[in-house]
Amino acid sequence: MAGIDLTATSPRTSLDVVGRSPASRRRLSRAALYVALSVIAVVMVVPFVWMVLTSLKTPADIAASPPTFLPTEWAWGNYADALAAAPFLTYARNSLVIAVSHTTINLLVASMAGYALARLRFRGSELVFLGFVAALMIPTYTKIIPEFLIVRFMPLFGGNDILGQGGTGWLDTWWALIVPGAVTPFAVFLFRQFYLDLPVELEEAARLDGVSELGIWARIMTPLVKPAFITVGLLTFESSWNNFLWPLLVTRTDSMRVIQVGLSVFRTENDTQWAFLMAGTTLATLPMVVLFLLGQKYFVRGFANAGIK
């Protein structure tokens, strides 16, 4: 017994108490994560796949019971018939003009406002910022009636007098489709958060070199917040392209209708032309899918970096 060290313990292996090494546990956690993400991805993609397949079905396949996943006959002509049923090229043009206008105005004005709130110190700046934060809490549909009344009684437009009476104001015009909602509080908030994170030494060096405040914003700071521009641009374009209620309220003629309103021609009180509706919806969804695939890296980075700084 004299030569035995009683304090010695049995050799430990690299396995932990539950019999798995840290590397094995990391691999298992990563595999579980991938499985969960794959299931979520499938759940998200299935409705789009169903939409595309339904757009290629005949009325008999759509009415079949039980429903079939794949068409028994591929009706490619549904897309041509859907485009012929309404002036969809006009609707798509209108939607594109509105979405591009909203995106351009929002990026320009919101980025300037966000820069001013983040980098310039003036009396009441915090109060102004709190106003934008409060505006984020206002539900969209509570603003519909006030905005409609402003558009309807806009003075000196559409036959209205100086008091906004006697005409139609901005109704059924580009003004009504573009001006309301062109700048969003969320865009101002997001830009402010990005500009806050930039080092102050950049603007101080630019001021010493005699660069104007507008030049600092345009040439020094703005190129460094590219993810914010991509994120706001995608969100603004998507919101404008998919807007339905507001264009429906302020337009009356086909020449001013947008593509989301145009899809309603396939739904009536007595029937819904599901094949044509799904074909039109597929065409309306395609631009947003392409834009997201092109800008997804910056889009995800924009939300990841925004935060509350």
Side-chain angles (χ1 to χ4, degrees), residues 79-80 82-113 140-141 143-144 146-160 167-188 190-191 222 228-267 276-277 279-296 298-299:
Y79 284 87
L83 291 174
F88 272 97
L89 292 180
T90 300
Y91 297 159
R93 180 208 64 189
N94 294 343
S95 293
L96 183 63
V97 170
I98 296 168
V100 170
S101 300
H102 277 178
T103 302
T104 303
I105 296 172
N106 204 19
L107 289 177
L108 179 63
V109 177
S111 63
M112 296 177 73
T140 301
Y141 294 104
K143 302 181 291 184
I144 291 294
E147 288 180 348
F148 180 83
L149 293 177
I150 293 173
V151 168
R152 166 64 178 80
F153 297 108
M154 181 62 60
L156 305 178
F157 281 88
N160 284 348
T168 58
W170 279 355
L171 294 181
D172 207 36
T173 66
W174 289 108
W175 295 102
L177 293 170
I178 294 177
V179 174
V183 181
T184 60
F186 173 76
V188 176
L190 189 67
F191 276 118
T222 295
F229 273 81
I230 300 297
T231 302
V232 172
L234 283 174
L235 290 176
T236 305
F237 193 95
E238 182 271 337
S239 177
S240 299
W241 181 268
N242 291 328
N243 198 1
F244 171 79
L245 181 58
W246 181 252
L248 178 65
L249 291 176
V250 300
T251 59
R252 299 174 179 175
T253 60
D254 278 342
S255 62
M256 300 301 300
R257 296 289 193 187
V258 297
I259 194 167
Q260 301 300 332
V261 176
L263 292 175
S264 62
V265 302
F266 300 123
R267 301 190 64 178
F276 294 165
L277 180 61
T281 304
T282 300
L283 294 175
T285 305
L286 188 59
M288 292 310 311
V289 174
V290 173
L291 282 177
F292 179 77
L293 291 177
L294 293 176
Q296 61 177 326
Y298 294 105
F299 183 78

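- Residues passing the side chain to side chain donor-acceptor pair (under 3.5 Å) test with Ser95: none are found, sequence neighbours excluded.
- Looking at every heavy atom in both residues, Val261 comes nearest to Pro247 through CG2-CB, 4.2 Å.
- Scanning all heavy atoms of the two residues, the minimum distance from Arg252 to Arg257 falls at O-NH2, 3.9 Å.
- Checking side-chain atoms of Thr236 against main-chain N and O of Gly233 turns up no donor-acceptor pair under 3.5 Å.
- The two atoms that bring Phe237 and Met288 nearest to each other are CD2-SD, 3.5 Å, heavy atoms only.
- Ring-plane geometry between Trp170 and Trp175 is classed as parallel, the angle between the planes falling under 30 degrees on a 0 to 90 degree scale with a further cut at 60.
- Residues Val188 and Val183 share a closest heavy-atom pair of CG2-CG1, 4.4 Å.
- Nearest heavy-atom pair across Ser240 and His102 is OG-ND1, 2.7 Å.
- Partners of Tyr79 according to the ring-ring contact (aromatic ring centres under 6.0 Å, His included) rule, which considers only residues two or more places apart in sequence or in another chain, do not exist here.
- Residue-environment remark: CG (Leu293) exceeds the threshold of 12 foreign heavy atoms within 6.0 Å.
- You'll find the ring centres of Phe276 and Phe88 outside the 6.0 Å limit.
- Between the side chain of Trp241 and the main chain of Ala284, a donor-acceptor pair closer than 3.5 Å is present.
- Counting only N and O atoms by type, the side chains of Thr90 and Asp254 include no donor and acceptor under 3.5 Å apart.
- Closest approach of Phe229 and Ser111 over heavy atoms only: CZ-CB, 3.7 Å.
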